[in-house]
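The structure under discussion appears below in the form of structure tokens.
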Amino acid sequence: MGPDLLHLSAAGVSLVLDCRGPGLPSVTHWGAALDDAELSAGLSPATDPQPIGFSVDGTVRPSLIPEQSSGWLGTPGLAGHRDGRAWATAFRVTAIDRADDAVHIRASDAAAGLDLAVDLELHPAGVLRARAAVTATAPGAYWLEHLTLFLPVPERAAELLDFTGHHLRERHPQRTAFTHGLRVRENRTGRTGYDSAYLLCAGTEGFGNRTGEIWALHTAFSGGARSIAERTYHGWSALGGGELLLPGEVSLASGETYQTPWVYAVHSLDGLDGVSSRFHRHLRGRPHHPSKPRPVVVNTWEAVYFDHDLARLSELAKAAAAIGAERFVLDDGWFGSRRDDTSGLGDWFVSPEVWPDGLGPLVDLVRGLGLEFGLWVEPEMISPDSDLARAHPDWIMSTGDRLPRPARHQQVLDLANPAAFEHVLGRLDALLTEYAIAYLKWDHNRDLVEAGHPGTGRAGVHDQTHALYRLLDELRARHPGVEIESCSSGGGRVDLEILERSDRVWASDCIDAHERVAIQRWTSLLLPLELIGSHIGAPESHTTRRSLPLATRAGTAVFGHLGIEWDLTSAPLPELAEWVALYKELRELLHTGTLVHADLTDPAYSVTGVVAADRSDALFALIATATSASYPPGTVGLPGLAEDRTYHVRPQPPGHVADGNAAAWGAALPWCTPQGVRLNGRTLGTVGLRLPVLYPDRVLLVRVSADSAPGRVTE
Ligand code: DGJ
């Protein structure tokens, strides 16, 4: 047994575990850093809840995996049974091991025939992650319904923010009051989902970009998931997360173990920007985080769709090289009978019909132009109209007696079937071996509906998700240099477990800059900009039919991992080249700096910025998505700068410098000139700048460089 109290602390966060036992530890405090002296002064007695009448006798302290036996009457952390028995547990701790800021807890319930293990880690950026595992220790199948981890939050967390969304509008925020009762966000789509809760935030009333105290939780799983916010009348509030299991999906024989996904949690005293900064620092500290400058991508999808033709694609590649792009990605349509989206998935052989000499001529041309070559694949899917489906109809996921309803004319390949898994692995391995492919755009274009193992009919989303992870892990082990993009009909698979084995996400199929302002802002609440694919599209958006100028499309796309998805053979290459050059100049700042957002009351405007880690340089985007009710609009503080440094503030070309200078019918705004203005960081943060009158859907980039900074932008 370990000590009575365990205190993990990092980067201004403390987690205090009450290990007095004999039951599972409970969290006495998760929030702002405490010092050990406060703990020894008796944190638990100070905060223990009072025993109340007409409830269970004694003190109730729900654990990380709350149980009824502890007096908890909210959602149990573990639900399951062995033929109707063993549904209630009373785990007793058998060991608590601590190594630095990681704790491993083991517990057992001999009567229920179950062992439990919980891992808790507090990482240097203050990101906490936890997972649990249950092992059956008695004969007979233990049918697991769910295993969910909970972290308590204080009553002052009065408001919730989580996310919903759909194709072309992923990660749409929704705010509610954190009232008594249970709020469960379930994802049954068999992928992370456009509408995943993403980051479930509980915060003090009115929390904003820079204000308020927030506790946030992310369930890192690419299959079914549940995110929970629960407040009981006993005064307990908690956030929880775990896998959503389908009926009968997991049963444990004696000796078998089920492991939950990791649940990530952060605390912030500085509003949503504080949440992001912890996640971004954590993700950037991973050993496999992309470290090379993020190359400018040209993707063929919205340029040619399925119309693959070597001559046409060669022209596109040459134009890509001319503007300074660095990676050329051949999208859907290169394989099997895939001339449209009705057939061919599963036949991962280059189509002799459209590529009579294979992909070699295009790959050689692209590489000869100095670009990397990337290829689109959708390995988990199978078209009923494909050679693979004709040869192996029994490899299609189903409940056994009927095929699920098709979606985009396709079905799902049962990757938990070893033969199907080996087949796909073999084909991808062969392609990566034959061609110099630096990048796979890994797509997944349907929800999993009635996704069972065809042989048994049993639900298979859990197995499918883990098979996908194994497939990616094996391919990455065999081809370590190859980068992978996680795409799922746009941004349907964005979570921290897929990002353990991919290098960026495709945030949305909507590349209309107006929509992207919100999609990218909210995707970047969790992910740093270098992990978010953002492309400059055609002047008229293919998905919304909105027309926007290049400066708006490019000025938003540079806040990400830049790409271009536009038929370049009819695009203004010199102007595009200027944007590519700007991105290259700024990508180190954008991909290592701190992302900040001003708190504005004017709904027409938003202000996003990236401030260099040493605060010597910053790029801000002043974005108007509508006309303002105020004319001219008010002032805005630029957050994140060093208070005692003097900065040179001026519009960053190219872009709407002229519009920003004298939009519509107004006169020039004094600071909005190439000469700009000099102010110190404190003044910029508090008084700030007068917002220019911008036409709606215009972006004005503003460069803010410390006077002493090397390599300042030239005017
Ligand atoms: C959906 C993706 O999100 C698109 O970018 C594109 O790759 C298509 N699939 C191709 O079918």
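Note that these values count all heavy atoms, side chains included, but never hydrogens, waters or copies made by symmetry. Nothing here was measured: the structure is a model prediction, and the numbers come from that model. Both counts, for ligands and for their atoms, begin at 1 and track the order of listing.
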Quiz prompt | Distance under 6.0 Å and angle within 45° of ring axis: Arg327 vs Tyr439 | solution = yes
Practice problem: Would you please indicate yes or no on a ring centroid separation below 6.0 angstrom for Trp395 and His423? | Solution: yes
Quiz item: What part of Glu378, side chain from CB on, backbone N/CA/C/O, both or neither, has a heavy atom under 4.0 Å from ligand 1?
Solution: neither
Quiz item: Counting each atom of ligand 1 from 1 as listed, which ones have a heavy atom of Asp331 under 4.0 Å away?
Solution: 6 (C), 7 (O), 10 (C)
Quiz item: How about Tyr198 and His172: are their ring centroids closer than 6.0 Å?
Solution: no
Quiz prompt | Per-residue contact class, Asn299 against ligand 1 - non-hydrogen pairs under 4.0 Å | solution = neither
Quiz prompt | ligand 1 atoms in contact with Lys441 (distance to a heavy atom under 4.0 Å) | solution = 4 (C), 5 (O), 6 (C), 7 (O)
Quiz item: Would one find an N or O of Cys487, backbone or side chain, under 3.5 Å from an N or O of ligand 1?
Solution: no
Self-check item: Within reach of ligand 1, part of Arg408 (heavy-atom separation under 4.0 Å)
Solution: side chain
Quiz item: Does any N or O atom in Asp332 lie less than 3.5 angstrom from one in ligand 1, N or O only?
Solution: yes
Quiz item: In terms of atom number and element, which parts of ligand 1 are under 4.0 angstrom from non-hydrogen atoms of Gly490?
Solution: 3 (O)
Quiz item: Under the 6.0 Å and 45° cation-pi test, does Arg367 pair with Phe373?
Solution: no
Quiz item: Just heavy atoms, cut-off under 4.0 Å: does Asp341 contact ligand 1 by side chain, backbone, both, or neither?
Solution: neither
